[in-house]
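Note that the coordinates shown come from a computational prediction; the quantities given were computed from them, not determined experimentally.
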Amino acid sequence: MDAVIVRQEPVKQFAVAENVIFVEFERAAFARLEYEISVEKDCEVELAVGEALTADGRLDREPGGYRIFRTETLQLKAGVNRGFMQFKKHRSPYQDSYQRSKVITPENIGGEIEPFRCVEVSGQVKAIKLVRHAVFGEFDDQAADFVSSDDKLNKLWDFCKYTIKATSLFNIYVDGERERQAFEGDAYINALGAYCSGGSLKIARRTLEFMIEFYPIPCVEYRLITPSLVRDYFLYSGDMEIYKYWRDEMPAKLVPFFRDADGLFRYDKYNYGIFEKDHSCYEWHYQYKRLFPDNSQLLVDWPPWDRDNYEYNEMSFFPHNFLYEALNAMHMLEPTAGYDKQAAQLRKDIYKYFYKDGLFVDSFGSSHTAVHTAATAMAFDLVDPADAARHVALCKEHDLACSVYMAQFLLDGLFKYGGAQYAIDLMRRDNNRSWLGMLKQGATITMEAWNNETKPNQDWNHAWGSAPGNVIPRRLAGIRPTSFGFKTFDVDPQPGDVESFKIKQPTPQGPVVMEYDRKHIKLQVPEGSQGYCQGRCYDAGCHEIDII
């Protein structure tokens, strides 16, 4: 599948210093830079590209981590000079250690690419013309839309939608510029965002094929996410034919070889360092064995200081919560295979070992509940309704003490258990631990972490940071498929204090279109589908519904 190349003109171009011209494109994109530069005599001219700016609006030449800054010195002849800026071939810093997937730059582009938004041209130039050749994967800009009475949510939706488009170019979901490889945890958020914003189902399928067949990820929760990835793909695509090729691989995704005879996970203790505030080393209790020789490690969250002091132990709530969700996903994929009975038994065991005084604890014998434990318990439907308020209250008390990755499960869980308004408030925040805060820092694609201080080596093009892009359609608007191929779907809006919105959700049958205005809905159901709202079925056509 060839990448789509879009020629883009700058939105700004002006002198910022003597012999220095600043050029800005609308948003960052993986791209090549074509130049046409006129000079009066033979000379050197420097091209510099990057993502981040300094406080005075110049290109940041020391952005740190894996924020992009690249330069090339051109030896120009008098007259008009044309060409492309040359970038070094991408190489992951983990290429010789744990890198498994080898994502290749699309062949039809003509050269290596980098994600950048701004350019500085330094030298005695007479005239310049720059064109950015931005590269995207298959994406339908018109397939999905969201606009509301809340400007912050509109900006957030647009930010996340563009993130899915801008990171689609490798025709497989990747975890950002630094590594350019596929991870199940990243793909879970990326895929949901793509299904809700116009992303390609072909890219989703190719990613799943790759992760199912190519390698085992060295993280228990990520392997356990695979059944959910497959379930969601079928819900949004209806492409069930492929499952005959995947079925035999699925039991291994439940990692039976890491579980004891009773089906539960128990860990020996490993300790390879002490956590330091300067992030120089971590405390490795019950999580990582030496650098990825064993696939039984637990992640919980990343970076490790965004784990809300999660207490590891020989028997942790993670990964039993992810196994429970995986078993329920497998039951939907294979209803007669007995996965529902396994899930029911595991639920009893989870309550036996981890439930204490109305909350789940991080580990057997612990008295601590991290926001990660409460969030995933809600997201995976482990919480008894009578305990919902306690879980929501704990999440509020701990105040987003998790990474952009775990924020996906936090938002899902809050909407499921009565915390919709708090979830909306989190999405609208604009401090330095928020999505809108990423925009304030200068990013135009979601970041790998909340800020550079949280993860010094982060890049600025990670779709795993785009959770609101799927939470807004699935939870705030409440449009979610309930059978494969979106043949049936729920309509369960939870807009909190958002007075009105209009949304278009793509499905294989055509778009679901909904307008919400102060508890009144206009719903358009496509042919071949049925929508369910407040217990009533709505067939194809236009309907007006009052929300009780």
Side-chain angles (χ1 to χ4, degrees), residues 98 183-185 215-228 250-275 282-302 304 307-331 338-357 359-383 402 405-406 409:
Y98 74 82
F183 282 128
E184 285 87 341
Y215 67 91
I217 193 69
C219 168
V220 166
E221 303 106 289
Y222 276 21
R223 297 175 76 171
L224 290 168
I225 285 175
T226 306
S228 298
M250 298 308 292
K253 304 304 179 183
L254 301 175
V255 291
F257 30 82
F258 295 146
R259 289 146 55 193
D260 289 346
D262 59 1
L264 303 179
F265 296 88
R266 293 175 178 83
Y267 285 80
D268 295 328
K269 184 172 182 178
Y270 291 80
N271 184 4
Y272 293 120
I274 300 172
F275 174 74
Y282 319 143
E283 188 174 359
W284 301 110
H285 286 294
Y286 313 107
Q287 52 166 328
Y288 287 108
K289 300 181 181 180
R290 293 191 184 276
L291 189 61
F292 304 137
D294 188 301
N295 295 321
S296 69
Q297 61 194 319
L298 300 180
L299 182 74
V300 177
D301 207 351
W302 198 262
R307 291 182 180 142
D308 194 24
N309 297 313
Y310 182 93
E311 290 187 356
Y312 292 89
N313 207 324
E314 291 91 342
M315 195 177 197
S316 291
F317 182 75
F318 281 72
H320 296 93
N321 52 349
F322 278 85
L323 176 60
Y324 181 72
E325 175 70 357
L327 290 169
N328 285 320
M330 287 302 303
H331 175 61
Y339 289 110
D340 55 337
K341 295 179 181 177
Q342 294 182 51
Q345 179 57 52
L346 179 58
R347 185 184 181 92
K348 292 179 182 178
D349 290 334
I350 288 173
Y351 270 84
K352 176 181 177 181
Y353 290 106
F354 305 112
Y355 181 75
K356 183 178 181 181
D357 299 329
L359 290 169
F360 295 96
V361 292
D362 299 340
S363 299
F364 178 55
S366 170
S367 59
H368 183 262
T369 300
V371 69
H372 306 66
T373 297
T376 53
M378 291 190 295
F380 300 156
D381 297 310
L382 279 162
V383 176
C402 63
Y405 158 66
M406 188 51 55
F409 304 100

Rounded to the nearest 0.5 Å, how far apart are [atom1] of [X] and [atom2] of [Y]?
{"X": "D340", "Y": "Q345", "atom1": "CG", "atom2": "CD", "answer": "12.5 Å"}
{"X": "E184", "Y": "E221", "atom1": "CD", "atom2": "CD", "answer": "11.5 Å"}
{"X": "Y355", "Y": "R347", "atom1": "OH", "atom2": "CZ", "answer": "10.5 Å"}
{"X": "F364", "Y": "E311", "atom1": "CZ", "atom2": "CD", "answer": "14.0 Å"}
{"X": "C219", "Y": "F183", "atom1": "SG", "atom2": "CZ", "answer": "9.0 Å"}
{"X": "F322", "Y": "F317", "atom1": "CZ", "atom2": "CZ", "answer": "9.5 Å"}

Check your understanding: Who pairs with H372 by ring-ring contact (aromatic ring centres under 6.0 Å, His included), at least two apart in sequence or on another chain?
Key ->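 With neighbours one apart ignored, the set is empty.
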Practice item. With sequence neighbours left out, write down each residue that passes ring-ring contact (aromatic ring centres under 6.0 Å, His included) with F265, or none if nothing qualifies. Key: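 F265 satisfies ring-ring contact (aromatic ring centres under 6.0 Å, His included) with H320 once adjacent residues are dropped.
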Taking all heavy atoms of [X] and all of [Y], pick out the closest pair and write down the distance.
{"X": "S316", "Y": "S363", "value": "OG-OG, 3.3 Å"}
{"X": "L323", "Y": "L224", "value": "N-CD1, 3.7 Å"}
{"X": "S228", "Y": "A329", "value": "N-CB, 3.9 Å"}
{"X": "L264", "Y": "M315", "value": "CD1-CE, 3.3 Å"}
{"X": "D349", "Y": "D262", "value": "OD2-O, 4.4 Å"}
{"X": "R307", "Y": "D301", "value": "NE-O, 3.0 Å"}

Keeping [X] on the side-chain end and [Y] on the backbone end, is there a donor-acceptor pair under 3.5 Å?
{"X": "Y351", "Y": "L382", "value": "yes"}
{"X": "Y310", "Y": "D362", "value": "yes"}
{"X": "T369", "Y": "F360", "value": "yes"}
{"X": "R259", "Y": "L254", "value": "yes"}

Check your understanding: Between F409 and Y405, what is the ring plane arrangement, given parallel below 30°, perpendicular above 60°, and tilted in between?
Key ->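 Judged by the thresholds at 30° and 60°, the geometry between F409 and Y405 is perpendicular.
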Review point. Hey, are the side chains of T373 and F318 touching, using non-hydrogen atoms and a 4.5 Å cut-off?
Key: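 Heavy-atom side-chain distance check passes, below 4.5 Å.
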**Study point:** Heavy-atom side-chain proximity of D308 to C402 below 4.5 angstrom
**Key:**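 Not in contact.
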Review point. Given the rule in the side chain to side chain contact (heavy atoms under 4.5 Å, CB included) test, do Y324 and L327 qualify, once you have shown the distances and angles that lead to the verdict?
Key: CA-CA 5 Å; Y324 181 72; L327 290 169; 5.7 Å; no
Check your understanding: Hey, mind stepping through N321 and E325 against side-chain hydrogen bond (donor to acceptor under 3.5 Å, both in side chains) and telling me if it holds?
Key -> CA-CA 6 Å; N321 52 349; E325 175 70 357; over 6 Å; no
